[in-house]
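What follows is one structure encoded as structure tokens, with my remarks underneath.
Note that ligands are numbered from 1 as they come in the structure, with each ligand's atoms numbered from 1 the same way. Just so you know, these numbers come straight off a predicted model, no measurement behind them.
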Amino acid sequence: MEFEKLYHSVVEQKISSRLIKHSVVKQLSLSLSNNFKIDEIGKSVLGKKIFSIKFGNGKRNILLWSQMHGNEPTATGAIFDLLNYFDKYRDGDLVSKLENDFTFTFIPMLNPDGAKAWTRVNALNIDLNRDAVAIQAPESKILWSLLEELNPEYSFNLHDQRNIFNVGDTNKTATISFLSASFDESRAMNDDRVLTMSLIAGMNDAVQELIPGCVGRYTDEFYPTATGDNLHKQGYKNILIESGTYPNDPERQITRKANFIALLEAFKLISEGVKPNRVDDYNYIPNNGKKFFDLIIRNVSINLNISTSIVDLGIMFNEKPNEDYTEMENHAKIQNIGDLSQYLGLVEIDALEDNYRDEIKKYAILNQEATFTVGDIEIVNGVII
Ligand SMILES: [Zn+2]
């Protein structure tokens, strides 16, 4: 609550959407006050500078990185909000304690080439989150050498997840999903998992007021080459935050605020000493489900030859930034046709049994940029007219 109230006073105004240019990250980093130490810690495959930003003089290290996957930028905004908070409230009890006890190291946008191209992978098409054993991408080398150097007490791996996810059996979007990753196939527990799960339970409490019921738990299936899994295997405590969508918030700015609140609460709890007593609360957070489409058009009548079928169309938008990286262009693809009564649309339209019409096939096609009309809706090459 207290963090939510002051958020408006620290939100970084130069970031207002998910399309964050590397030049903005660079400019914001280099224009921070003397309270921060900025280092160029390496370059991406295509030569873009990767920065670390440090705050604090303490011996205990906390490391956070965002945009390991290029097209997952929500937490990058939250990082700059947190830096503004440290700067503005430096004299306050919490920040002065954090500054004395800890050194925070932030890497905003670990994969700038992927951000520019709006892809998950880097410029060599390597998924940095599956490069934790081989460590072959230059961006992975930067991250892992910093991990070894700092030996952080806690680390935070900040991602975005797709719009498909809901919370458990509910109709709520998974706006934030947390994970304390497994370190082996059997998903065994150890002290580090107990502590990270207990910390996540506290972070969950902190964001429930902003996004009630919209917090899920990501699968802890073991991924042998993934970052969090290998961090836990090697004895580093790591928390994964997946930013998702929230109704009527396509740019995920509410999600960004939830990241700010969750991370600040985590810092506070780590500073007070995380008690290993909340594993049950972690396990009560519902698992992510996969109920959502970006758009469902219900009750569409498809007439072909002698048959008439009333179906629902489940549509996802493929996103692509425009040329100058200022606006997101959505390209609609039909991904499921039939009885979608068990699914939800972020947007739902009832076609009231109006006829599906297109110029060529006369029936809906899966997984290509859609071109059709039904009722008042017209989609041409994936673009809603
Ligand atoms: Zn990711």
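Here the rule is side chain to side chain donor-acceptor pair (under 3.5 Å) with S177, and of Q161, H159, E242 only Q161 fits it. None of I126, I107, L124, L128 except one satisfies the side-chain contact (heavy atoms from CB on, under 4.5 Å) rule with E139; the exception is L128. Of the options N166, T173, T170, a side-chain contact (heavy atoms from CB on, under 4.5 Å) to C214 is made by T173 and by none of the others.
Near the Zn ion (ligand 1), less than 2.8 Å away, sit the protein N, O or S atoms H69 ND1, E72 OE1, E72 OE2, H159 ND1.
Taking the six-membered ring wherever Trp is involved, the centroid distance between the rings of F86 and F104 falls below 6.0 Å.
A salt bridge does not link R298 to D350: none of the charged nitrogens lies less than 4.0 Å from a carboxylate oxygen. The pair R18-E251 meets the salt-bridge criterion, with a side-chain N (NZ, NE, NH1 or NH2) lying under 4.0 Å from an Asp/Glu carboxylate O.
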